[in-house]
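Before any comments, here is the structure.
The chain is numbered in sequence order, starting from 1. We use all heavy atoms of the structure for the numbers below, so side chains are in, but hydrogens, waters and symmetry mates are not. Note that the coordinates shown come from a computational prediction; the quantities given were computed from them, not determined experimentally.
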Amino acid sequence: MDHGSAEAFSLPADGLAGLAAPDVQRLAARMAQDAFTRIFRLTLEGDEVALNAAVTEIERLSRNWAQAAADDDSRALRRALLVSGIDQWGLAWCQAFGLAAIPGISALLGAMRNGLDAAADARFQQQFAAIEKAEGDAIDFKMELRRNIHMALWHAMIACEDSGEAQAILATLGGMLVALVGRMPTLGWRLAADALANIQLRCLSDAAASTELARETNAALFTALRQNLPREISEPMFVHANQAVIAWQQSRRTMH
């Protein structure tokens with residue numbers, strides 16, 4: 001489901017859009033994903049020299065991108081978006097795969113705050129808190145980030161050949177979506193609906209979730225959301241997801 005489909009909703013005003021425009025927010029989410037993916041891959045490979053070099057390079061690129069903003073608050077927000085995004089990827093992966101920590105990610109997050117003077121660190125902390133203060137603030141960042149985390153976990157889940165591993169990721173992803181709805185009463189269910197629509201589209205367009213285990217865990221995810229969310233939330237959530245899928249199918253038929 002592309003970002004445009006969210007525009008049908010009257011989203012609350014983004015109080016941070018003046019410091020980071022929607023395209024900047026989405027870029028921050030993608031940069032955070034790229035940074036996490038690279039560091040995690042190098043961590044798995046166990047190449048400490050390459051890992052340390054990557055931490056140094058990503059920190060430098062992140063610092064340069066933040067410094068390119070127009071003023072101190074905008075620079076602080078860019079840095080806060082990157083740190084928040086990388087941290088959320090790390091937390092999701094630790095939960096899903098039973099990891100105590102990902103040392104390379106901890107090193108990167110530390111490096112991204114090292115070197116800030118007292119005033120810059122205070123601004124960073126203020127903007128970091130501002131991201132979560134109001135659910136409509138930095139909404140484009142949140143939508144892009146959560147969509148990519150949810151879909152990455154889902155792809156990992158349906159790729160599992162071991163039932164126990166698949167169940168662990170299922171529990172993490174389901175819990176994450178339920179928590180999101182609780183933490184963001186106005187917009188959370190819409191972000192969850194976005195994930196459900198994307199999952200259904202992947203199944204239709206790519207024939208994903210084609211193994212028996214994948215089909216079972218996929219069905220279990222949808223069932224768990226119906227069981228763990230109040231009906232007044234789950235019903236419109238599933239309706240919205242289904243409407244996005246129907247719209248996609250209709251557009252495909254039009255094209256053919």
Side-chain angles (χ1 to χ4, degrees), residues 1-16 22 25-26 28-29 32-33 81 84-85 87-97 128-158 166-203 209 216-248:
M1 191 166 62
D2 64 16
H3 175 258
S5 63
E7 301 304 323
F9 295 111
S10 53
L11 294 172
D14 181 349
L16 296 176
Q25 293 181 25
R26 291 192 289 274
Q33 178 178 7
L81 289 169
S84 173
D87 186 48
Q88 288 183 61
W89 272 99
L91 287 172
W93 247 238
C94 285
Q95 286 176 2
F97 300 101
F128 189 84
I131 294 168
E132 296 302 325
K133 195 170 183 181
E135 57 179 292
D137 288 353
I139 188 59
D140 286 271
F141 167 76
K142 291 170 182 171
M143 288 174 70
E144 184 83 15
L145 180 75
R146 299 315 307 183
R147 174 185 298 140
N148 294 340
I149 290 176
H150 297 152
M151 292 310 296
L153 284 174
W154 180 76
H155 278 292
M157 181 184 80
I158 64 167
Q167 292 295 330
I169 301 173
L170 165 63
T172 299
L173 179 55
M176 199 178 283
L177 290 167
V178 170
L180 182 66
V181 172
R183 197 169 66 250
M184 299 176 68
T186 304
L187 300 175
W189 70 269
R190 295 170 185 173
L191 272 65
D194 178 76
L196 298 178
N198 274 300
I199 286 169
Q200 293 179 77
L201 292 179
R202 291 288 192 283
C203 291
E216 285 176 5
T217 49
N218 200 43
L221 174 64
F222 281 63
T223 300
L225 291 173
R226 287 191 187 277
Q227 290 176 343
N228 288 284
L229 288 172
R231 189 169 177 181
E232 63 270 19
I233 292 173
S234 67
E235 285 301 319
M237 184 177 80
F238 278 99
V239 166
H240 178 63
N242 292 338
Q243 285 172 341
V245 173
I246 291 166
W248 175 83

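Closest approach of Arg26 to Asp140, counting heavy atoms only: NH1-OD1, 2.8 Å. Among all heavy-atom pairs drawn from Ile131 and Ser84, the shortest one is CD1-CB, 4.3 Å. Between Gln200 and Val245, the shortest heavy-atom distance links the atoms CB-CG2, 3.6 Å. Across all non-hydrogen atoms, the minimal contact from Leu81 to Ala138 is CD2-CB, 4.2 Å. Of all the heavy atoms in Gln33 and Asn148, the pair that sits closest is OE1-ND2, 3.1 Å. The two residues Trp93 and Ala152 make their nearest non-hydrogen contact at CH2-CB, 3.6 Å.
Among residues two or more places apart in sequence or in another chain, the side chain to side chain contact (heavy atoms under 4.5 Å, CB included) test is passed with Leu91 by Asp87. Considering only residues two or more places apart in sequence or on other chains, Asp14 meets the side chain to side chain contact (heavy atoms under 4.5 Å, CB included) condition with Leu16, Ala17, Gln25, Asp137, Ile139. Taking Trp154 as the reference, nothing meets the ring-ring contact (aromatic ring centres under 6.0 Å, His included) condition, with sequence neighbours excluded. Take Ala168 and apply the side chain to side chain contact (heavy atoms under 4.5 Å, CB included) test, not counting sequence neighbours, and it matches no residue.
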(request) Evaluate side chain to side chain contact (heavy atoms under 4.5 Å, CB included) for Ile149 paired with Arg146, printing each intermediate quantity in order. (result) CA-CA 5 Å; Ile149 290 176; Arg146 299 315 307 183; 4.1 Å; yes
(request) Applying side chain to side chain contact (heavy atoms under 4.5 Å, CB included), run through Arg147 and Asn198 and close with a yes or a no. (result) CA-CA 9 Å; Arg147 174 185 298 140; Asn198 274 300; 3.8 Å; yes
(message) Walk me through whether Met143 and Asp194 qualify under side chain to side chain contact (heavy atoms under 4.5 Å, CB included).
(response) CA-CA 9 Å; Met143 288 174 70; Asp194 178 76; 5.6 Å; no
(request) Test Phe97 against Ile169 for side chain to side chain contact (heavy atoms under 4.5 Å, CB included), laying out the working first. (result) CA-CA 7 Å; Phe97 300 101; Ile169 301 173; 3.6 Å; yes
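When atom types are taken as modelled, the side chain of Lys142 and the backbone of Gly136 share no donor-acceptor pair closer than 3.5 angstrom.
If you take CG on Leu145 and CG on Leu191, they are separated by 9.5 Å, rounding to the nearest 0.5 Å. Expressed to the nearest 0.5 Å, how far CE of Met151 lies from CE of Met157 amounts to 9.5 Å. Taken to the nearest 0.5 Å, the CG atom of Leu221 stands 5.0 Å off from the CD1 atom of Ile199.
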Quiz: residues 174-186 side-chain donor-acceptor pairs under 3.5 angstrom, not counting sequence neighbours:
none

I'd like a table of donor-acceptor pairs (distance under 3.5 Å, sequence neighbours excluded) in which one partner is a side-chain atom from residues 228-239, with atom names and distances.
residue, atom, partner, partner atom, Å
Asn228, ND2, Ala224, O, 2.7

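Judged by distance alone, the side chains of Thr223 and Gln227 never bring a donor and an acceptor atom under 3.5 Å apart.
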